[in-house]
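All figures in this text were calculated on a predicted structure; none of them were measured in a lab.
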Amino acid sequence: MIVKHLNFNSSVLTIFDLVGDDETALTKALAFIFSKDRNVLFKFLRAIGIRISNTENNFKNTLIQIENKRDEGRTDLEISNANIFHLIIEAKVRKNKVTKQQSQYLTAFDDKCKQNVFCILSHYRDSNIELNENVRIINLSWIDIINILDCKDFQDNKLLMDFMRYAMKKYKLNEQKEILVQDLSKESEIKRFKEYHVYRRDVTYGTPLYFAPYFTRKALQEEGEGISYLSKVVGVLTLSPTDVDKFRDDITAVQLKTV
């Protein structure tokens with residue numbers, strides 16, 4: 001790695017560029033940001049539903065750990081404050097997905113803690129929130145993190161701005177698909193889209209804002225071949241068809257918004 005090029009007065013790199021771009025580097029960089037600025041940390045905690053006041057004393061009593069070895073395994077990032085809250089983050093980057101870790105660390109939480117949260121952080125957009133006994137399980141994408149921290153409050157925070165530039169450059173978080181164009185030819189999928197305003201596909205890499213179905217010639221639709229609709233994506237659920245009933249309220253709420 002070239003740290004300073006010839007004929008440059010100084011390096012164009014930030015401290016984050018030096019930690020690399022593997023799976024653990026981005027999580028370590030995020031933990032560092034949280035440890036350096038309490039406003040950034042508490043902004044994030046509030047955004048994911050953890051209730052705690054942004055005070056110097058609460059920040060002083062907050063523990064931030066990376067790669068903590070437990071009987072259940074090694075966690076990527078943990079943030080905790082006595083009995084007020086305990087947050088465990090299992091982070092993945094690019095096309096890696098959380099599999100067995102979804103339940104692996106549930107026994108690492110203390111029942112006496114008021115707020116136990118297990119956060120799955122990945123490149124994939126998944127708005128699911130589950131409650132497993134006394135642990136709330138939430139799903140976030142790395143783009144969600146950027147959206148939470150990219151606000152007017154922090155526009156003068158150079159360290160945070162460096163982190164976000166590093167994250168978007170090294171991990172291509174700025175490659176958010178504004179419009180997802182997908183061929184639509186199967187009769188069952190066309191019916192699902194037209195009658196229920198739902199489209200089923202493989203897990204999405206990135207966060208599309210709009211969906212535009214492309215009706216193929218063999219679909220034989222009255223609209224003809226091509227793109228006839230542009231639909232706003234109001235939510236993404238990643239689940240097995242057998243689990244649909246568990247999310248009936250979420251799906252109903254989305255339908256009511258689109259009517």
Side-chain angles (χ1 to χ4, degrees), residues 23-24 26-28 30-31 34 41-52 62-149 173 198 200-207 233-254:
E23 186 162 281
T24 61
L26 186 56
T27 309
K28 291 176 180 177
L30 180 64
F34 288 157
L41 172 63
F42 286 105
K43 171 80 173 180
F44 168 73
L45 293 177
R46 285 195 301 270
I48 64 173
I50 292 179
R51 300 180 301 277
I52 184 172
T62 296
L63 176 66
I64 301 175
Q65 304 177 83
I66 55 175
E67 299 184 325
N68 185 29
K69 293 182 179 179
R70 293 179 167 275
D71 292 338
E72 295 84 358
R74 187 177 64 178
T75 59
D76 291 328
L77 173 58
E78 291 192 47
I79 308 174
S80 58
N81 187 311
N83 292 326
I84 298 178
F85 77 89
H86 184 191
L87 168 66
I88 295 179
I89 295 178
E90 178 64 26
K92 298 294 183 184
V93 300
R94 300 187 177 93
K95 293 189 177 183
N96 292 328
K97 292 190 291 185
V98 174
T99 53
K100 68 176 183 178
Q101 293 97 335
Q102 292 188 34
S103 58
Q104 180 178 350
Y105 299 113
L106 295 182
T107 56
F109 293 95
D110 187 348
D111 293 344
K112 297 178 182 178
C113 186
K114 297 176 183 178
Q115 302 174 82
N116 286 321
V117 179
F118 178 59
C119 176
I120 299 170
L121 180 57
S122 69
H123 268 53
Y124 297 97
R125 185 64 179 272
D126 187 345
S127 55
N128 297 345
I129 298 178
E130 302 176 39
L131 185 63
N132 186 295
E133 297 179 358
N134 71 320
V135 179
R136 188 162 58 95
I137 305 172
I138 65 175
N139 293 266
L140 288 180
S141 71
W142 282 102
I143 292 178
D144 290 327
I145 299 293
I146 298 298
N147 290 339
I148 289 170
L149 301 181
L173 298 187
V198 172
R200 184 178 66 176
R201 59 156 290 155
D202 292 337
V203 177
T204 301
Y205 183 56
T207 310
V233 176
V234 295
V236 177
L237 290 174
T238 304
L239 50 84
S240 168
T242 57
D243 293 331
V244 168
D245 285 340
K246 298 179 183 178
F247 301 94
R248 187 175 297 276
D249 290 343
D250 301 282
I251 296 171
T252 302
V254 169

Atom [atom1] in [X], atom [atom2] in [Y]: separation rounded to 0.5 Å?
X      : Y      : atom1 : atom2 : value
His86  : Ile50  : NE2   : CD1   : 10.0 Å
Ile84  : Lys114 : CD1   : NZ    : 6.5 Å
Lys28  : Ile66  : NZ    : CD1   : 5.5 Å
Ile52  : Leu87  : CD1   : CG    : 11.5 Å
Thr24  : Arg74  : OG1   : CZ    : 8.0 Å
Arg136 : Ile48  : CZ    : CD1   : 7.0 Å

Where [X] and [Y] come nearest, the two heavy atoms and their spacing:
X      : Y      : value
Cys113 : Ala82  : SG-O, 4.4 Å
Thr62  : Phe85  : CG2-CZ, 4.3 Å
Thr75  : Arg70  : CG2-CD, 4.1 Å
Cys119 : Leu140 : SG-CD1, 3.8 Å

Just so I know, are the side chains of [X] and [Y] near enough to count as touching, which here means a heavy-atom distance under 4.5 Å?
X      : Y      : value
Leu30  : Trp142 : yes
Ile120 : Asn139 : yes
Ile148 : Lys43  : yes
Ile88  : Phe109 : yes

>> With side chain to side chain contact (heavy atoms under 4.5 Å, CB included) as the test, pick out the partner of Leu77 among Leu121, Thr27, Asn68.
In response: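 Between Leu77 and the candidates, side chain to side chain contact (heavy atoms under 4.5 Å, CB included) is satisfied uniquely by Thr27.
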
> Any donor and acceptor pair, going by atom type alone, linking the side chain of Asn147 with main-chain N or O of Asp144 inside 3.5 Å?
Replying inline: no

>> Quick one: does any side-chain atom of Asn116 pair with a main-chain N or O of Asp110 as donor and acceptor, under 3.5 Å?
In response: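 Looks like yes, one N/O pair under 3.5 Å.
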
